[in-house]
Amino acid sequence: MVRVRYAPSPTGLQHIGSVRTALFAYLYARSQAGVFLLRIEDTDRERYDEASLQDIYDTFGWLGLRWDEGPDVGGAYGPYVQSERLDIYRRHAARLVDAGFAYYAYDSAQELAAQREASDGKGGYDRRFRDMPEEQLASYRDSGVPAVIRFKTPLDGSTRFDDVVLGQLSWKNEDLPADPVLMKSDGFPTYHLAAVVDDHLMEISHIMRGPEWVPSTPVHVLLYEAFGWEPPVFCHLPLVVGEDGKKLSKRHGATRVLEFRERGYLPEALINYLVRVGWSYDDKQEIFSLEELERIFLLDRINKAPAVFDYQKLEWLNGYYIRECAADSLAQALLPFMQRSGLIADPPDEADIRTVRDAVPLIQERLKYLADAPGLIRFLFEEPDFDPEEMVPKKLDRGETAALLEAVLPLVAQIPDATDEENEERFRAKAAALETRLGNLLMPIRVAITGSRVSPPLFGSIRLLGADSSVRRVQKALQRLKESR
RNA sequence: GUCUCCUUCGUCUAGUGGUUAGGACACCGGGUUUUCAUCCCGGCAACAGGGGUUCGACUCCCCUAGGAGAUGCCA
């Protein structure tokens, strides 16, 4: 039985890297008909942040990735919050001390900092309490200095493990972190202890996590050995980096995942994009639905090398998924963005909903982001403001433009009652009669109606706006064009 | 500094000893089109460098260079 976990710590908002890790774990569990579970690693009470915890639920709720076991849904291996498992860690740490694999240490933060400094960035702890005789130890114990429990990493020999992605990895034990802390002085475990204990007790079969854990994996392997447990399969995912090749952070743009929702990305697009960062299926397919991924996602197609997060490709996918979207659901998805830009009320009234829905066919293939919609159809909700000069087509002047507009005005009122084909035919005939180009006729109207030279298709736009408003806007624009001569 | 990992077009990647090194995004050009967008066609563009092994290396080995991660009583 494949059991994988996503184990975020509520110390920061969910970002691209963490969600990519979760996605891979989720997909692998699904493809193996296994279990995907959420475990909250809240053992750092210094950095604990309530909002970050909520962000985890909000993020995955939006993405539509559900766990089979977790704090909110329960399960047979709980509790799924580490701060609720403290006595489990205490017991296991004590067990290691009793068996001679770990010991109490009484260093102060200052002493440790001084040691680090003295070692000239090389790290390294002097292990002073590791083999301290009992008589000496007693004085520390009685002094009331808070103790930590440290793990005795072997002084010689080597530790190796197999990683699904990286292959066989090996360390000399002397290069390992010197006696890492297992239990902190505040009674909370460190990641090393908590993760190992929980992964074992929760019967995790595959540890899928970011590459920053590779260097501490040998310590984890040693811990499994000390406990007499069989380690799970390790699977370290490649890093997601920014364009500068460095670990993704705020300076690379939107890294907080929910910000992608605010910017008008579709979860399908983000998921599809993310799955291709560090994973491939074959040499052809780029588009994957979540449902398909849940069937075909395999670990052996995971890449080793770090991958650059490419916003342009994400943008393309987002446009693709917007185009694929059913009109009604797209309209629905657009409403919050219309509200946020103040064009429609919250809650929206019937007429506004209808307008948005009717506008969808006009703008669907023009949207790269949901947030683009308000800009494209703003003219349906309020009168545009524009420079009359915008109406003048290339190679024409204001006078000529005004004359064309005047000549074509009667046709505008008829637009809503005719098909696009009929309208086009009429305008083409008119253009021919006036010995001008079709574009020279339509551009001034386009600007008069929408306020911009770039807009959704004109006839459809006018149909939505209605004959009266449309004619009024053209007349008004004509007036301004003449006046400003 | 030390340890570990990584290295195919600008980017994501396919490729597992013999390929014109394939696809996608981006970019450039062309076509369709009432603007924009979509769509269609075409183009540019890569095996980090050096040694081996081999009849033959992008593929295997070694070295170098570059990059990244780690080096916490954070995860």
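Since we're looking at a predicted model, the values are computed, not measured. Proteins come first, then strands; the chains are lettered A, B, ... in the order of their sequence lines, and each starts at number 1. Hydrogens, waters and symmetry mates play no part in the numbers below; they use all other heavy atoms, side chains included.
No engagement by Ser216(A) is indicated, since no non-hydrogen atom pair under 4.0 Å with the nucleic acid exists. Residue-level contact check: Trp171(A) touches the backbone only, with heavy atoms under 4.0 Å from sugar-phosphate atoms and none from bases. Using a 4.0 Å heavy-atom cutoff across all strands shown, Val181(A) reaches sugar-phosphate atoms only and no base atom. The residue Leu438(A) sits close only to the backbone: its heavy atoms come under 4.0 Å of sugar-phosphate atoms, none of a base. If you check every strand for non-hydrogen atoms under 4.0 Å, Pro177(A) touches nothing. Nucleic acid contact class of Ser185(A) (heavy atoms, under 4.0 Å, all strands): base. Among the atoms of the strands shown, none is found under 4.0 Å from any heavy atom of Pro218(A). Among the heavy atoms of the strands lying under 4.0 Å from Leu112(A) is at least one base atom, whether or not backbone atoms are also near. Across all strands shown, Gly278(A) has heavy atoms under 4.0 Å from sugar-phosphate atoms exclusively, and none from any base. Using a 4.0 Å heavy-atom distance criterion, Val277(A) is classed as a sugar-phosphate-only contact.
Asp107(A) and Tyr125(A) are linked by a side-chain donor-acceptor pair at a separation below 3.5 angstrom, with hydrogens and angles left out of the test. A donor and an acceptor atom, one from each side chain of Tyr103(A) and Asp179(A), are located under 3.5 Å apart.
Shown are Tyr281(A), Tyr26(A), Phe288(A), Trp279(A); of these, the ring-ring contact (aromatic ring centres under 6.0 Å, His included) with Phe297(A) is made only by Trp279(A). Screening Thr217(A), Asn173(A), Thr153(A) for a side-chain hydrogen bond (donor to acceptor under 3.5 Å, both in side chains) with Thr159(A), the sole residue that qualifies is Asn173(A).
In this entry the distance linking NZ of Lys172(A) with P of U2(B) reads 12 Å, nearest Å. If you measure from atom NZ of Lys304(A) to atom P of G69(B), you get 19 Å, rounded to the nearest angstrom. Counting to the nearest Å, the P atom of C73(B) and the CZ atom of Phe151(A) are 16 Å from each other. Whole-Å rounding puts the Arg366(A) CZ to U34(B) P distance at 13 Å. Taking atom OH of Tyr273(A) as the reference point, atom P of U11(B) lies 12 Å away to the nearest angstrom. U38(B) atom C1' lies 13 Å from atom CG of Leu376(A), rounded to whole Å.
For A75(B), the OP1/OP2 oxygens have no side-chain nitrogen or oxygen of Arg47(A) closer than 4.0 Å. Between U2(B) and Arg116(A), no contact under 4.0 Å exists linking OP1 or OP2 to a side-chain N or O. Residue Lys184(A) places no side-chain N or O under 4.0 Å from the OP1 or OP2 atom of G72(B). A sub-4.0 Å separation between OP1 or OP2 of A14(B) and a side-chain N or O of Asn303(A) is present. For Ser452(A), no side-chain nitrogen or oxygen approaches OP1 or OP2 of U35(B) to under 4.0 Å.
Within a 6.0 Å radius of CD in Glu425(A), no more than 12 heavy atoms belonging to other residues, nucleotides or ligands are found.
Using a 4.5 Å cut-off on side-chain heavy atoms (C-beta onward), Leu270(A) and Tyr321(A) make no contact.
In the interface, the side chain of Arg446(A) is paired with the base of U34(B) through a donor and an acceptor atom under 3.5 Å apart. One cannot find a donor-acceptor pair under 3.5 Å joining the base of C36(B) and the side-chain atoms of Ser455(A).
The base-pairing partner of U33(B), taking Watson-Crick or G-U wobble contacts with both distances under 3.5 Å, does not exist among the strands shown. Across all strands shown, C58(B) has no partner, as no Watson-Crick or G-U wobble contact with both distances under 3.5 Å is found. Across all strands shown, A45(B) forms no Watson-Crick or G-U wobble pair with both distances under 3.5 Å. Pairing of U2(B), defined by two Watson-Crick or G-U wobble distances under 3.5 Å, is identified with A70(B).
Side-chain atoms of Tyr273(A) come within 3.5 Å of backbone atoms of Asp310(A) as a donor-acceptor pair (strictly under, hydrogens ignored). Remark: side-chain polar atoms of Glu400(A) are paired, donor with acceptor, to backbone N or O of Asp397(A) under 3.5 angstrom.
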Listed pairs, N/O of protein and of nucleotides 18-29 of chain B, under 3.5 Å:
from	atom 1	to	atom 2	distance (Å)
G23(B)	N2	Glu286(A)	OE2	3.0
A24(B)	O4'	Glu286(A)	OE2	3.4
A24(B)	N3	Lys313(A)	NZ	3.4
C25(B)	O2'	Lys313(A)	N	3.3
A26(B)	O2'	Gln312(A)	OE1	3.3

For nucleotides 40-48 of chain B, which of its nitrogen or oxygen atoms have a protein nitrogen or oxygen under 3.5 Å away, and what is each distance?
none

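A salt bridge links Arg463(A) with Asp420(A): the distance from a Lys NZ or Arg NE/NH1/NH2 to an Asp or Glu carboxylate oxygen falls below 4.0 Å.
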